[in-house]
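Throughout, a chain's letter reflects where its sequence line sits, starting with A, and its residues are numbered from 1.
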Number of protein chains: 2
Amino acid sequence: MARSGAAVRKPSGQQKKARGRVSSYHHGALREALLEAAEAVLLEHGVEGFTLRECARRARVSHGAPAHHFGDVRGLLSEFTAVSFERLDALMSAYRARSAADAYAQFAATGLAYVDFALANRPRFQLMFRSDRLDFGNERLAAASTRTYRQLADTVTAMLPPRARTRVPVEGIALAWSLAHGLSTLMLDNRLFAELVGGNAGHAHTLMQDLLERARPLFEDSGQQR
Amino acid sequence: MARSGAAVRKPSGQQKKARGRVSSYHHGALREALLEAAEAVLLEHGVEGFTLRECARRARVSHGAPAHHFGDVRGLLSEFTAVSFERLDALMSAYRARSAADAYAQFAATGLAYVDFALANRPRFQLMFRSDRLDFGNERLAAASTRTYRQLADTVTAMLPPRARTRVPVEGIALAWSLAHGLSTLMLDNRLFAELVGGNAGHAHTLMQDLLERARPLFEDSGQQR
DNA sequence: ACGCATAACTTGACAGTGTCTAGTTTAGCG
DNA sequence: CGCTAAACTAGACACTGTCAAGTTATGCGT
């Protein structure tokens, strides 16, 4: 795929059809180009400094062009964020694949993936929970976020004794998710917390490991009513 | 100035000094009026829809007026958020005052205050962690946020055995804060989480109570290295 | 009692934003 | 080969935050 990034100068043959053209009226792969531009803008200016027109500029296209592919800003950001959820989901799977098979190890893997993803993709992660800039009516976004949630929930449920697995362990899921999410967001946008923990992604990772290990007994009897 | 009706309708006496005046050029208490307006705008349009000019409109003042008191938008929002931290700090104290004196009860009170505050003050709470819209160089904001943090940290530390209290229980603080913060933010801007928990503030409160109770053993030996 | 410096506010301008609408180019299909 | 419809451009609109320059009124020093 033409995924080589940085399509700055239009290195000639990059459109679907118009091979010889140096510059063509039709971009050819504007959708993808805009999504890549969005990432660049987000990295450079943060979520707050994100601008549709700046994306268009980077894709060397007029400011009205994005509308044709995404409708409006929320459309673009929703599509962008759908990819984010897909990646997080995939990262969780990858971490699990590299972990031991027991329920706790599988669960811990998803939690660590969550935190690592957040720390490694600051604006991407922040956007995933800025509901005011997203449209969860977007099917791909709704599907991806639901799938991600389910993977997390499943690894929690799998820690229950077999016959307890019919009921949803609400408290356990909430605990795990809150922990991972709180740790991630506080690391990303609270100075005091970041200083407390040590600042970098490595510290967050080992801290999460410690917390999960400590909290282990809480999960393994999660489900039976107190 | 071709303004014929110089006396625009102004809601009569509302200034601090100019009592008899029907309309005064000077507002008299614009600072406070703008902060109140900010709250109204935030409640109506959310953090994303917040606008400085809209605040000015509500305070029946020109769009340039706020600059004189707050410099720029971040100035106003920082001052607004300083108050938010002060209120959260006060709410924690109030909850603690109504709780038992033992260390765990005091700690749980701060956690519950955190969650209740968030759920009862959505945009206010959200703003407190939108570092891109705040200026933590603002002294009042920095002081208030630090004080709030310290209260939370102290109630965690107080759960340690006396002679362990010299070291900062980083893990315990991180665990508690992450839990409270994650639960709060997820309730506020994640549909799936809110549905899982039940949606309203009451559910969040009792869930937090349960989680704190469950996690109790984790805190009480927090500090001694694993 | 009264100037008058200056704080408090207004007004207008500017660059920039997202979205709409109407026009232009071109791809691809019959 | 012609033509429809998709892809993109260009300009306009209402709105934003900030700045600079003007206007009004307060209260302080004398």
### Message
Regarding A:Arg57, tell me which of base, sugar-phosphate or nothing describes its non-hydrogen contacts under 4.0 Å with the strands shown.
### Response
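Since only primed, P, OP1 and OP2 atoms lie under 4.0 Å of A:Arg57, the category is sugar-phosphate.
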With rounding to the nearest 0.5 angstrom, report the [atom1] to [atom2] distance, [X] to [Y].
X: B:Thr110; Y: B:Leu152; atom1: OG1; atom2: CG; value: 4.5 Å
X: B:Thr81; Y: B:Leu134; atom1: OG1; atom2: CG; value: 4.5 Å
X: A:Met187; Y: B:Ser178; atom1: CE; atom2: OG; value: 9.5 Å
X: B:Leu127; Y: B:Arg122; atom1: CG; atom2: CZ; value: 12.5 Å

Check every atom of [options] against the side chain of [X] and return the nucleotide holding the closest atom.
X: A:Ser62; options: D:dT16, D:dC8, C:dT10; value: D:dC8
X: A:His69; options: C:dC9, D:dC8, C:dT19; value: D:dC8
X: B:Arg53; options: C:dT10, D:dT9, D:dT18; value: D:dT18

### Query
For B:His68 and C:dC9, is the shortest distance between a side-chain N/O and OP1 or OP2 below 4.0 Å?
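B:His68 to C:dC9 OP1/OP2: no side-chain N or O under 4.0 Å.
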### Query
Hey, is the side chain of A:His63 poking within less than 4.0 Å of OP1 or OP2 on D:dG11, counting only N and O atoms?
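Answer no for this pair, as no side-chain N or O of A:His63 is under 4.0 Å from OP1 or OP2.
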Write down the distance between [atom1] ([X]) and [atom2] ([N]), rounded to a whole number of angstrom.
X: A:Leu30; N: D:dT9; atom1: CG; atom2: P; answer: 8 Å
X: A:Asp72; N: C:dT21; atom1: CG; atom2: P; answer: 14 Å
X: B:Arg60; N: C:dC9; atom1: CZ; atom2: P; answer: 15 Å
X: B:Phe70; N: D:dT18; atom1: CZ; atom2: P; answer: 13 Å
X: A:Leu34; N: D:dT9; atom1: CG; atom2: P; answer: 10 Å

### For B:Phe125, all residues meeting ring pair (Phe, Tyr, Trp, His ring centres under 6.0 Å), sequence neighbours excluded
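Scan of B:Phe125 (ring pair (Phe, Tyr, Trp, His ring centres under 6.0 Å), adjacent residues dropped) gives B:Tyr114, B:Phe129, B:His181.
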### Task
Give the C-alpha distance, both sets of side-chain angles, the deciding distance and a yes or no for side chain to side chain contact (heavy atoms under 4.5 Å, CB included) between B:Val47 and B:Arg130.
CA-CA 9 Å; B:Val47 177; B:Arg130 288 291 253 292; 3.9 Å; yes
### Message
Assess the residue pair A:Glu39 and A:Phe80 against the criterion (side chain to side chain contact (heavy atoms under 4.5 Å, CB included)); give the C-alpha distance rounded to whole Å, side-chain angles, the decisive distance to 0.1 Å, and a yes or no.
### Response
CA-CA 8 Å; A:Glu39 174 137 50; A:Phe80 180 86; 3.9 Å; yes
### Message
Just to be sure I understand the geometry, which residues of residues 39-52 of chain A put a non-hydrogen atom under 4.0 Å away from DNA chain D?
### Response
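Within this stretch, nothing sits under 4.0 Å of the strand.
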